Amino acid sequence: MSKINIIPIFVPHLGCPNDCVFCNQKKIAQASTDVDKSFVKDRIEEYLSYFKDKTNTEIAFYGGSFTAIDRDIQNSLLQVAKEYKEAGKVKSIRLSTRPDCIDEKILENLKDHLVDTIELGVQSLDEKVLELSKRGHNASCVYQASQMIKDFGFNLGLQQMLGLPGDSKESCYYTACEFKKIGPKFVRIYPSLVIKQTSMEKDYKAGKYKPISFDETIEISKELVKFYELNGIEVIRLGLQPTENIQLGKDVVAGPFHPSIRQFVDGEIFYDIIYNFLKDKNITKEEVTIFASNKNISNISGQKSAIKKRLINNLKLKNLRLTYKDLDENHLILSYKDKIEEIDIRKLIKTEIVCD
Ligand code: SF4
């Protein structure tokens with residue numbers, strides 16, 4: 001299937017009943033209250049003019065709590081999207097909202113407006129983390145909303161955050177296990193950042209909140225990505241949302257800010273697979289060539305060739321060549337000594353997350 005072309009429409013805090021400790025959307029909303037139907041139409045037209053392949057295009061209402069917005073405003077925005085979908089100019093519509101802003105009437109309205117996918121900003125299923133983050137709802141609300149969304153036939157996406165107040169590796173893993181039970185189609189993972197003008201910023205400055213480190217973020221994210229993929233749940237994003245209006249040094253006060261966290265995580269996953277594969281076969285002090293897709297070559301190489309250098313050093317290889325071959329992303333071919341072996345990386349992925 002062709003790549004989805006997303007038309008992002010950022011709907012700020014409009015109508016959100018809450019004030020989560022990490023969220024600055026009230027601040028953003030003050031600066032941008034101009035999301036109305038003509039804005040939506042202009043945005044769609046603008047993006048459609050960029051896309052060469054228009055066959056798989058999705059309108060995505062990001063940010064805020066879409067279904068908490070006044071119903072007339074919701075419908076005026078959705079109506080524009082619906083007309084584009086009915087005209088065959090876009091293929092699908094998605095939006096994100098809070099778990100406590102879902103009920104049958106809301107879902108019926110979204111069905112009437114031809115919405116396909118609903119993402120819930122869950123962030124954690126640990127009650128303590130939800131409370132300390134001032135999410136304003138408990139975990140059971142998430143299970144109920146998710147079930148309703150699935151029963152209505154929408155695609156369900158769940159968002160998870162790492163490093164919230166009271167969070168730990170164990171509570172992140174617990175949330176992942178609970179997500180598996182819920183069975184979303186996809187997840188997004190966001191490491192918590194301390195953003196200006198949030199309660200988290202105050203707590204950070206008062207020494208009451210310590211952000212998750214970059215290394216912990218990579219370590220936990222690596223296990224989460226492997227876990228979700230092994231369980232058939234796609235991780236469609238790891239890191240920052242491009243529309244979140246977050247810029248290092250401008251809005252981010254502290255936290256594991258990096259625009260390419262996913263590449264770090266994928267690199268670490270490849271490192272483990274290749275290291276263990278060659279180590280198990282006692283391949284050291286050899287010349288090794290790995291044939292892979294372009295995307296995998298860049299993951300195995302890593303930022304500034306860091307992953308490749310670690311493989312060479314830790315396995316004491318004479319050389320490690322990375323060569324393009326027309327392979328899918330689940331396969332690599334390794335050549336060493338007089339052997340050539342094709343490996344299915346999905347069969348070699350192991351995760352330390354164990355669910356009850
Ligand atoms: S529910 Fe979403 S929009 Fe509302 S305060 Fe929390 S993070 Fe921000």
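Numbering of ligands and ligand atoms starts at 1, following listing order. Note that this is a predicted model, so its numbers are computed, not measured. The analysis underlying the following values was restricted to heavy atoms, covering all of them including side chains, and did not include hydrogens, waters or symmetry mates. Index from 1, following the sequence.
Near R135, meaning under 4.0 Å from one of its heavy atoms, ligand 1 places the atoms 1 (S), 6 (Fe), 7 (S). Heavy-atom proximity to C20, at under 4.0 Å, picks out these atoms of ligand 1: 1 (S), 5 (S), 6 (Fe), 7 (S). Remark: ligand 1 atoms within the under-4.0 Å shell around heavy atoms of N18 are 5 (S). Ligand-side atoms of ligand 1 in range of R98: 1 (S), range being under 4.0 angstrom from any heavy atom.
Between F61 and F66, the angle of the ring planes lies from 30° to 60°, which puts this pair in the tilted group.
Applying the 6.0 Å contact sphere to NZ of K325 captures no more than 12 heavy atoms from other residues, nucleotides or ligands.
Ligand 1 lies within reach of S65, whose nearest heavy atom is under 4.0 Å from it. Assignment of Q123 to the shell around ligand 1 is not supported, since no heavy atom sits closer than 4.0 Å.
For the atom pair CZ of F270 and CD1 of I307, the computed distance is 10.5 Å after rounding to the nearest 0.5 Å.
Side-chain rings of F257 and F214 stay apart, their centers remaining 6.0 Å or farther from each other.
Atom 6 (Fe) of ligand 1 does not have C23 among its coordinating residues (no N/O/S atom, backbone or side chain, under 2.8 Å).
Both tests hold for K111 against F154: distance to the six-membered ring centre under 6.0 Å, angle to the ring axis within 45°.
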